[in-house]
Amino acid sequence: MSKTGAEESLTWEELREMGPRERAREFEVYGRLFHVLLAQQFDRALLDELGVQATRIRHIAKSKAGMDFLRSQLSHKTAMLYFTQPSSRTFLSFHSACQMLGMKTVEVRDTATSSEIKGETQEDSIRTFSSFADVVIMRTAVGGLAEKMAWMLSHTERPIPIINAGSGKDQHPTQALLDVYTLQRSFEKRGGIDNKTVLFVGDLARGRTVRSLAQLLTNYRGVRQLFVAPPQLQIGADILELLDAAGVQYELGDDFEAMLPRADAIYMTRIQDEWDQQAGESRQLDLARYNFGVRHLKLMLPHAVLMHPLPRRQEIATEVDGDSRAVYWRQVRNGMWVRAALLARIFNCCGPIREFHGA
Ligand code: CP
């Protein structure tokens with residue numbers, strides 16, 4: 001591929017100064033999905049398509065014949081899993097999705113085991129990976145790094161796709177995709193995601209999953225977004241600007257129990273104290289007010305769903321797990337189906353999967 005988008009003609013500094021929607025456009029390659037970096041790259045049509053494809057893969061994978069077929073789709077491809085920040089679900093679901101489609105995987109999970117420990121830059125590391133892999137799936141503590149690496153690779157002879165599997169405090173687009181897929185499935189018989197009210201709870205300032213999902217939900221008609229957090233950890237002004245620009249109705253508050261009965265979906269999150277400026281800063285907050293206990297089940301609408309990107313601490317009592325409205329363990333598994341659908345889309349094997357009739 002000789003052209004990897006208009007970013008070829010922009011310097012990184014010029015690209016970085018643009019808004020997320022403009023940056024998303026710059027990362028298009030011939031008008032199709034290549035890099036996956038920002039939630040802003042996804043519109044309603046693409047979200048619908050990924051949901052249908054994820055379901056199709058889920059059904060095909062039930063049989064041995066189906067799994068054999070899926071494994072034949074991308075058996076000529078290799079994925080590099082470059083996870084320098086801890087992960088259980090995202091790493092394992094991408095790994096499983098790659099295997100399901102027959103891709104080989106290689107990985108670096110600790111820079112102490114790569115030549116970064118000898119002073120190699122991340123740019124040179126990623127460029128090295130691109131010599132051996134057809135896609136780099138990366139998680140990093142550095143916000144914007146996945147975008148920078150995608151821009152950098154686009155100026156090389158081997159411009160392979162970069163998938164952002166969580167970057168700093170800014171974005172986690174593939175988590176938002178699995179969250180949307182979970183909502184699509186949960187509200188399949190209730191008119192879909194349109195006109196639903198989604199309540200976000202917890203650390204909304206530093207939670208990248210919330211930031212990406214709030215953005216993806218702007219693709220749906222009439223979705224109201226409620227944000228409940230300690231005032232210090234409320235959702236960022238940049239997200240509210242995006243919601244304003246999209247004409248989304250939203251409310252901010254700190255009274256969880258007052259907002260809970262209005263929500264069709266409740267999205268709990270962990271306090272991200274790894275980002276504390278001073279040790280123990282988050283412990284000063286009265287976090288118990290933002291926890292979901294057994295008594296809150298009575299305040300939930302009968303059809304509502306309780307979500308969490310996980311990992312959790314005390315945000316949701318384990319006694320709640322048995323309630324049929326608790327869907328966070330379903331989210332985990334949905335991550336594998338959606339990520340397989342995403343890889344199939346990037347590597348252009350959606351057609352054969354759509355036409356497979358042997359399951
Ligand atoms: N939700 C999520 O990103 O989980 P992991 O950190 O375990 O990947």
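Only this structure's heavy atoms are used, side chains among them; waters, hydrogens and symmetry mates stay out. Just follow the structure's listing: the first ligand is 1, and inside any ligand the first atom is 1.
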Problem - Interfacing atoms of ligand 1 (cut-off 4.0 Å, heavy-atom, S88) - result: 5 (P), 7 (O), 8 (O)
Exercise for the section: Considering the heavy atoms of L310, write down every atom of ligand 1 situated less than 4.0 Å from one of them. Expected result: 1 (N), 2 (C), 4 (O)
Handout entry: Salt-bridge present (R25, E22; N to O < 4.0 Å)
Key = yes
Fill in the blank from the handout: Residue pairs meeting ring-ring contact (aromatic ring centres under 6.0 Å, His included), one or both in residues 185-204, sequence neighbours left out, come to F200-F227, F200-Y267
Exercise for the section: Establish, yes or no, whether a centroid distance under 6.0 Å links the rings of H296 and F256. Expected result: yes
Exercise for the section: Please confirm whether P309 comes within less than 3.5 Å of ligand 1 when only nitrogen or oxygen atoms on both sides are compared. Expected result: yes
Practice task
For the pair D203 and R206, find out whether any cationic side-chain nitrogen is under 4.0 Å from an anionic carboxylate oxygen.
Solution key: yes
Practice task
Return the residue, atom name and 0.1 Å-rounded distance of the protein heavy atom closest to atom 4 (O) of ligand 1.
Solution key: R89 NE, 3.2 Å
Handout entry: ligand 1 contact by R139, heavy-atom criterion under 4.0 angstrom
Key = yes
Exercise for the section: Give a yes or no on whether a salt bridge exists between D238 and R211, defined as a side-chain N under 4.0 angstrom from a carboxylate O. Expected result: yes
